[in-house]
Q: 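One structure follows; several queries about it will come next.
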Amino acid sequence: MSQSLQRTNLNSGWEFKQTDSDQDSWSSVQNVPSVAHLDLMANQKIPDPFIGLNELDVEWVGEKSWTYRTSFSTPSLPANSKAILAFDGLDTFATVKLNGSVILESSNMFLSHRVDITDKFSSGGQNDLEIEFASALLRGRELVEEHPEYRFIAHNGEPGRLGVRKAQYHWGWDWGPVLMTAGPWRPVRLEIYEGRIADPWTQIEVDKSLKFASGTMFAKIEGTSAKEVRFSLKLRGDTIETKSAAVDSDGVAKVAIQIQNPELWYPHGYGAQALYEVTAELSVDDVVLDTVVKKTGLRRGELIQDVDKIGKTFYFRVNNIDIFAAGSCWIPADNFIPRISEDKYRKWLQMMVDGRQVMTRVWGGGIYEEDVFYDLCDELGILVWQDFMFGCGSYPTWPALLDSIQEEAVCNIRRLRHHPSIVVYAGDNEDYQIQEEYNLEVDHSDKDPQSWLKSTYPARYISEHLLLKVVEAESPHTVGDLHQWNVWHGTQEKYQIFDSLGGRFNSEFGMEAFPHIQTIQHFVKDPSQMYPQSHTIDFHNKADGHERRIVTYLVENFRTTTNLEAYIHLTQLAQSEALMFAYRGWRRQWQDRKCGGALVWQLNDCWPATSWAIVDYFLRKKPAYYAMYRVLAPIAVGVRRAHHDWSVCHARPAKKLAWDLWISSSEVNDVKVDVELRFVSIATGKDIKAAFTKNDVDVTANGATDVLSGEIDNVKEEPHVLAARLWVNGELKSRDADWPQPLKYIQFGDRGLKILPKGNELHITAEKPVKGLTFEEREGVLVNDSAIDVLPGDEQIVTVRGMKDCDEPLNWRYLGQDE
């Protein structure tokens with residue numbers, strides 16, 4: 001009698017030890033998946049590497065080999081059944097033994113493995129499973145010595161990382177520590193089956209009319225007993241289609257499918273996220289051997305690269321709607337990946353949706369993310385730009401490494417290809433920057449991939465040939481961006497001109513900022529280290545030259561301070577202003593598709609630190625998050641005066657400056673709005689001249705509309721704020737304010753600021769213009785806006801969730817309050 005597939009998760013009963021230690025030194029493992037650092041901390045054998053300078057005290061962990069072991073009972077095997085040990089991820093150089101015999105050797109963290117152990121069980125009833133993890137750090141160094149034919153050039157971390165298929169940020173990056181993990185970082189399980197659905201997938205294409213979709217549902221089958229697969233397609237529990245197909249000689253079952261008037265998957269803000277349920281049921285003689293259910297979405301996704309007067313466009317079109325892809329880049333949310341819970345993933349990604357961010361980029365120095373990450377992006381409507389795992393290096397290409405990379409690409413594309421959220425695969429992160437900087441050979445007229453392997457930049461073969469072929473074969477319906485670092489890195493331009501530095505799609509840019517005071521208090525335990533340039537605080541900023549760069553942007557724009565909380569606020573305000581100038585200007589360029597999107601570096605942190613993240617490790621939002629939220633409103637007003645470079649002209653003020661007011665829209669239909677522009681004295685809070693008002697302005701759908709322009713006479717007019725507001729059907733929808741630059745020249749003093757709590761609301765007024773009013777980010781408390789500018793005669797209301805009646809009021813700070 002046939003039986004259904006049985007899965008047993010081997011997540012408990014494990015022990016681990018340093019491989020070369022005594023046999024009596026085994027320690028318990030709370031749970032697998034895990035890595036050595038987590039288990040050492042749980043057994044109180046190392047301190048928390050995220051505290052103080054502890055990272056230095058645990059470096060030795062990455063230089064050792066670690067062994068994990070467990071045992072399991074011998075299962076009963078029905079006739080014609082197989083027994084498989086499945087390893088979803090081993091980090092990284094792993095030798096697996098069952099009952100003393102080697103059954104697997106792996107050297108790629110990104111691979112999953114399935115080992116047939118049908119004939120390898122112990123007759124005694126218990127089976128000993130042992131995995132030895134060699135040091136990836138030491139093995140990487142050995143590979144450099146073993147392959148002198150390659151130039152191992154790497155920015156961030158050691159060159160040895162380039163020959164090791166492991167998360168590259170584990171070697172340390174300019175925002176993260178050196179923590180070389182090892183262990184069974186993804187689940188381990190035992191499977192018993194006669195037949196199994198190894199790989200169900202769909203290839204369904206939506207017609208340009210969006211009125212129907214057609215394609216094929218597939219299932220790759222393992223096991224000789226398997227005869228037939230029953231496919232079904234459901235939407236919200238209602239069956240759309242049911243078909244059956246025999247398993248062919250290649251072990252594949254497939255059925256054609258057509259869907260009339262499909263419900264489509266849209267990015268959030270543009271439509272609903274309809275998710276179809278695809279079920280493949282494998283059976284023999286009326287016995288169901290295996291059932292796999294996956295969710296997928298139907299959408300028409302295109303990367304538009306049309307030739308125009310500037311060059312070639314680069315933007316995404318989903319279901320015939322052009323999308324300005326604003327969002328942020330994603331790094332792993334922890335150095336110790338097994339402890340990132342589903343709840344934490346949901347909080348991170350929900351934060352993106354709440355912040356009006358429509359795309360995230362899974363960065364190429366981390367991991368192909370956990371399934372739950374992509375499931376949530378599907379559910380929430382977040383577009384995903386997926387890098388392959390290569391970053392900031394000239395990668396070698398010896399044959400065994402290329403084989404491993406190809407297997408890695410196939411393995412992960414097959415795992416991810418059903419997700420509608422993934423709209424683009426990218427070959428690497430900044431590898432060609434290495435090629436250009438070190439003048440490595442790339443002849444673009446040479447179209448022979450085999451010859452590329454003989455050049456001084458053989459990695460071209462990986463990104464332009466190997467990965468391309470895998471994507472074409474495994475995910476055929478998925479299809480020049482720019483990393484703009486001349487603000488912060490490079491020429492360190494003024495952030496006020498960020499929009500003039502961009503490209504057709506800006507997939508990296510950013511500005512550093514300190515995390516919130518509570519986060520600093522978490523990792524600084526010595527009170528004597530609680531000042532801006534302390535050893536411990538500097539240690540938790542891994543960016544090269546960060547001391548000079550942060551100070552440069554502060555002294556250029558603000559009156560500096562040594563008070564830690566005031567200093568934190570200034571760095572955060574600098575980041576907030578920089579990203580506001582960038583997003584506001586690039587979104588205006590969506591008007592003629594000059595700029596197709598912007599992904600800030602970066603959304604998140606992997607540890608508590610100062611970095612480019614707009615939300616810190618503990619999910620505390622920095623002011624930049626809110627600045628992006630306001631600029632990315634569905635209909636947003638923008639106003640700015642022309643940039644005047646005060647540094648070049650020796651702080652001489654401009655006599656006159658032009659200004660512009662425009663409206664950006666992501667609405668799919670034209671809208672009528674009312675706008676107002678006031679000219680508010682910074683010194684008195686009074687309007688220095690009559691406001692401009694314009695009613696029933698026609699705003700072009702999904703673009704930008706120029707509305708007003710004028711000129712400021714700095715000789716005749718006192719310093720003032722350009723204060724813009726926008727209404728739709730009488731409801732205030734957007735504000736923007738343009739201040740004289742640099743802000744350090746402004747005399748602030750008392751602003752007459754009043755913050756009045758009313759239930760779950762804060763009612764905020766000011767007698768004079770207030771810049772950057774920022775509220776405390778308290779655990780369990782959420783404010784809907786922060787880092788706001790407050791103008792006289794324009795009360796703002798901030799809602800607060802999570803406060804109890806007995807709680808102390810939220811702390812707050814604005815620019816110049818200490819003057």
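Reckoned from all heavy atoms, side chains included, excluding hydrogens, waters and symmetry mates.
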Q: Tell me if the centroids of the rings in Trp612 and Phe509 come within less than 6.0 Å of each other.
A: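 Distance test on ring centres: not under 6.0 Å, no.
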Q: Any non-hydrogen side-chain atom of Val384 less than 4.5 Å from a side-chain atom of Thr360?
A: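 Counting from C-beta outward, Val384 and Thr360 do come under 4.5 Å.
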Q: Salt bridge (Lys or Arg N to Asp or Glu O under 4.0 Å) between Arg641 and Glu711: does it pass, once the steps are laid out?
A: CA-CA 8 Å; Arg641 68 195 78 198; Glu711 190 173 67; over 6 Å; no
Q: If we only count heavy atoms from C-beta on, is the Val362 to Asp387 side-chain gap below 4.5 Å?
A: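 When only atoms from C-beta onward are counted, Asp387 and Val362 do not touch, as no gap falls below 4.5 Å.
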Q: Using modelled atom types and a 3.5 Å cut-off, is there a donor and acceptor pairing between side-chain atoms of Asp794 and backbone atoms of Leu791?
A: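 No: the side chain of Asp794 does not pair with the backbone of Leu791.
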Q: Return the CG to CZ distance between Leu573 and Arg813, rounded to the nearest 0.5 Å.
A: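 Reported to 0.5 Å precision, the distance equals 11.5 Å.
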Q: List the atom pairs, with distances to 0.1 Å, where a side-chain N or O of residues 318-331 and a protein N or O form a donor-acceptor pair under 3.5 Å, not counting sequence neighbours.
A:
{"unit_1": "Asn319", "atom_1": "OD1", "unit_2": "Arg300", "atom_2": "N", "d": "2.8"}
{"unit_1": "Asn319", "atom_1": "ND2", "unit_2": "Trp265", "atom_2": "O", "d": "2.9"}
{"unit_1": "Asn320", "atom_1": "ND2", "unit_2": "Lys208", "atom_2": "O", "d": "2.8"}
{"unit_1": "Asp322", "atom_1": "OD1", "unit_2": "Arg317", "atom_2": "NE", "d": "2.6"}
{"unit_1": "Asp322", "atom_1": "OD1", "unit_2": "Arg317", "atom_2": "NH2", "d": "3.3"}
{"unit_1": "Asp322", "atom_1": "OD2", "unit_2": "Arg593", "atom_2": "NE", "d": "3.3"}
{"unit_1": "Asp322", "atom_1": "OD2", "unit_2": "Arg593", "atom_2": "NH2", "d": "3.2"}
{"unit_1": "Ser328", "atom_1": "OG", "unit_2": "Gln357", "atom_2": "OE1", "d": "2.5"}
{"unit_1": "Trp330", "atom_1": "NE1", "unit_2": "Glu369", "atom_2": "OE2", "d": "2.8"}

Q: Can the ring centroids of Trp175 and Trp363 be said to lie less than 6.0 angstrom from one another?
A: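 Aromatic pair counts; centres sit under 6.0 Å.
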Q: Would you say the side chain of Val800 lies within less than 4.5 Å of the side chain of Leu782, judging by non-hydrogen atoms?
A: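 Answer no - side chains too far apart.
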Q: Less than 4.5 Å apart, any side-chain heavy atom of Asp645 and any of His643?
A: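 SC-SC contact between Asp645 and His643 confirmed.
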Q: With Gln591, which residues qualify under side chain to side chain contact (heavy atoms under 4.5 Å, CB included), at least two apart?
A: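 For Gln591, the residues satisfying side chain to side chain contact (heavy atoms under 4.5 Å, CB included) (neighbours in sequence not counted) are Ala704, Asp706.
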Q: Evaluate Lys733 against Glu731 for salt bridge (Lys or Arg N to Asp or Glu O under 4.0 Å), listing each step before the verdict.
A: CA-CA 6 Å; Lys733 290 289 189 179; Glu731 183 179 356; 3.6 Å; yes
Q: Give a yes or no on whether a salt bridge exists between Glu577 and Lys771, defined as a side-chain N under 4.0 angstrom from a carboxylate O.
A: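 Judged by the 4.0 Å cut-off on N to carboxylate O distance, Glu577 and Lys771 do form a salt bridge.
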Q: Between CG of Leu810 and CZ of Phe775, what distance do you get to the nearest 0.5 Å?
A: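 If we round to the nearest 0.5 Å, Leu810:CG and Phe775:CZ are 7.5 Å apart.
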Q: Could you go step by step and tell me if Arg504 and Asp308 meet the salt bridge (Lys or Arg N to Asp or Glu O under 4.0 Å) rule?
A: CA-CA 11 Å; Arg504 304 313 297 260; Asp308 60 16; 2.7 Å; yes
Q: Kindly compute the distance separating CG (Leu416) from OH (Tyr425), expressed to the nearest 0.5 Å.
A: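 Taking CG in Leu416 and OH in Tyr425, the distance rounds to 5.0 Å.
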Q: Between Phe498 and Trp586, does the ring centroid distance fall short of 6.0 Å?
A: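 Yes: the rings meet the under 6.0 Å criterion.
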Q: If only atom types and distance count, is the side chain of Glu302 paired as donor or acceptor with the main-chain N or O of Ile304 below 3.5 Å?
A: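 It does not hold such a pair.
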Q: A side-chain contact here means heavy atoms from C-beta on lying under 4.5 Å apart; do Ile204 and Leu298 qualify?
A: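 Yes, close enough: below the 4.5 Å cut-off.
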Q: Are the side chain of Ser421 and the backbone of Leu383 linked by a donor-acceptor contact shorter than 3.5 Å?
A: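 No: the side chain of Ser421 does not pair with the backbone of Leu383.
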Q: Show your working on side chain to side chain donor-acceptor pair (under 3.5 Å) between Trp727 and Asn729 and close with a plain yes or no.
A: CA-CA 6 Å; Trp727 293 262; Asn729 297 325; over 6 Å; no
Q: Does this structure show an ion pair linking Asp371 with Arg415, if we count only N-O contacts that are shorter than 4.0 Å?
A: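 Judged by the 4.0 Å cut-off on N to carboxylate O distance, Asp371 and Arg415 do form a salt bridge.
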Q: So which pairs with a foot in residues 620-629 pass salt bridge (Lys or Arg N to Asp or Glu O under 4.0 Å), sequence neighbours left out?
A: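 Of all non-adjacent pairs touching residues 620-629, those that pass salt bridge (Lys or Arg N to Asp or Glu O under 4.0 Å) are Arg620-Glu779.
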Q: Could you note down all residue pairs passing side-chain hydrogen bond (donor to acceptor under 3.5 Å, both in side chains) where residues 656-666 supplies at least one of them, sequence neighbours left out?
A: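 The answer is none; no pair qualifies.
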Q: Partners of Tyr626 by ring-ring contact (aromatic ring centres under 6.0 Å, His included), sequence neighbours excluded?
A: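 Tyr626 satisfies ring-ring contact (aromatic ring centres under 6.0 Å, His included) with no other residue.
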Q: Determine the interplanar angle of the Phe316 and Phe314 rings, folded into 0 to 90°, and report it as parallel if under 30°, tilted if 30 to 60°, perpendicular if over 60°.
A: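 It falls in the perpendicular class, over 60°.
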Q: Assess whether a salt bridge exists between Glu205 and Arg299, defined as any Lys/Arg side-chain N lying under 4.0 Å from an Asp/Glu carboxylate O.
A: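 A salt bridge is absent here (no side-chain N lies under 4.0 Å from a carboxylate O).
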Q: With a 4.5 Å heavy-atom cut-off, do Leu773 and Ile764 have their side chains touching?
A: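 Leu773 reaches Ile764 side chain to side chain.
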Q: Is the backbone N or O of Ala613 less than 3.5 Å from a side-chain atom of Gln575, with the two atoms forming a donor-acceptor pair by type?
A: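 A pair under 3.5 Å: yes.
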Q: Hey, are Glu241 and Lys234 close enough for a salt bridge, meaning a charged N less than 4.0 Å from a carboxylate O?
A: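 No, no charged N to carboxylate O under 4.0 Å.
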Q: What I'd like to find out is whether the side chain of Glu795 reaches to under 4.5 Å of the side chain of Val790, using heavy atoms alone.
A: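 No - every pair of side-chain heavy atoms lies 4.5 Å or more apart.
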Q: Check Val639 against Ala724 and note the closest heavy-atom contact, atom names and distance.
A: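 Looks like CG1-CB, 3.9 Å.
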Q: Closer than 4.0 angstrom, basic N to acidic O: yes or no for Asp499 and Arg640?
A: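 Looking at Arg640 together with Asp499, the answer is yes, because their closest N to O distance falls below 4.0 Å.
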Q: Quick one: CG on Leu619 to NZ on Lys347, what's the gap to the nearest 0.5 Å?
A: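 The NZ atom of Lys347 is 7.0 Å from CG of Leu619, to the nearest 0.5 Å.
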Q: For the atom pair CG (Asp605) and CD1 (Ile614), what is the distance rounded to the nearest 0.5 Å?
A: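 One gets 11.0 Å once the value is rounded to the nearest 0.5 Å.
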Q: Could you tell me whether Arg725 and Asp736 make a salt bridge, using a distance below 4.0 angstrom between a side-chain N and a carboxylate O?
A: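 Not counted as a salt bridge, because no side-chain N and carboxylate O are separated by less than 4.0 Å.
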Q: Considering residues at least two apart in sequence or located in another chain, which fulfil the salt bridge (charged side-chain N to carboxylate O under 4.0 Å, His left out) criterion with Arg236?
A: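 Counting only residues at least two positions away or on another chain, Arg236 forms a salt bridge (charged side-chain N to carboxylate O under 4.0 Å, His left out) with Glu263.
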Q: Report the relative orientation of the aromatic rings in Phe581 and Tyr495; use parallel for angles under 30°, tilted for 30 to 60°, perpendicular for over 60°.
A: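 Tilted: the ring planes of Phe581 and Tyr495 meet at 30° to 60°.
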Q: With Lys294, which residues qualify under side chain to side chain contact (heavy atoms under 4.5 Å, CB included), at least two apart?
A: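 Here the qualifying residues are Pro200, Val292, His418.
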Q: Within the side chain of Asp616, is there an N or O that forms a donor-acceptor pair under 3.5 Å with the backbone of Phe618?
A: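 Pair found, side chain donor or acceptor close to backbone of Phe618.
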Q: Going by ring-ring contact (aromatic ring centres under 6.0 Å, His included), name the residues that satisfy it together with Tyr368, two or more places apart in sequence or in a different chain.
A: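 Partners of Tyr368 under the ring-ring contact (aromatic ring centres under 6.0 Å, His included) test: Phe110.
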Q: Which residues pass the side chain to side chain contact (heavy atoms under 4.5 Å, CB included) test with Ile688, not counting sequence neighbours?
A: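 If we apply the side chain to side chain contact (heavy atoms under 4.5 Å, CB included) test to Ile688, skipping adjacent residues, the hits are Phe679, Ser681, Glu717, Glu718, His720.
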Q: Could you give the distance from NZ (Lys758) to NE2 (His763), rounded to the nearest 0.5 Å?
A: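 That separation rounds to 5.0 Å.
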Q: Is any NZ, NE, NH1 or NH2 atom of the basic residue among Arg630 and Asp785 found under 4.0 Å from an Asp or Glu carboxylate oxygen of the other?
A: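 Asp785 and Arg630: salt-bridged.
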Q: Salt bridge (charged side-chain N to carboxylate O under 4.0 Å, His left out) with Asp354: which residues, sequence neighbours excluded?
A: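 With neighbours one apart ignored, the set is empty.
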Q: Which residues pass the side chain to side chain contact (heavy atoms under 4.5 Å, CB included) test with Lys768, not counting sequence neighbours?
A: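 Expected list: Arg751.
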Q: Salt-bridge test for Asp207 and Lys211: reply yes if a basic N is under 4.0 Å from a carboxylate O, no otherwise.
A: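 Salt bridge between Asp207 and Lys211, a charged N being under 4.0 Å from a carboxylate O: no.
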Q: Going by the salt bridge (Lys or Arg N to Asp or Glu O under 4.0 Å) test, which pairs reach into residues 664-674, not counting sequence neighbours?
A: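 Salt bridge (Lys or Arg N to Asp or Glu O under 4.0 Å) check on residues 664-674 returns Lys672-Asp698.
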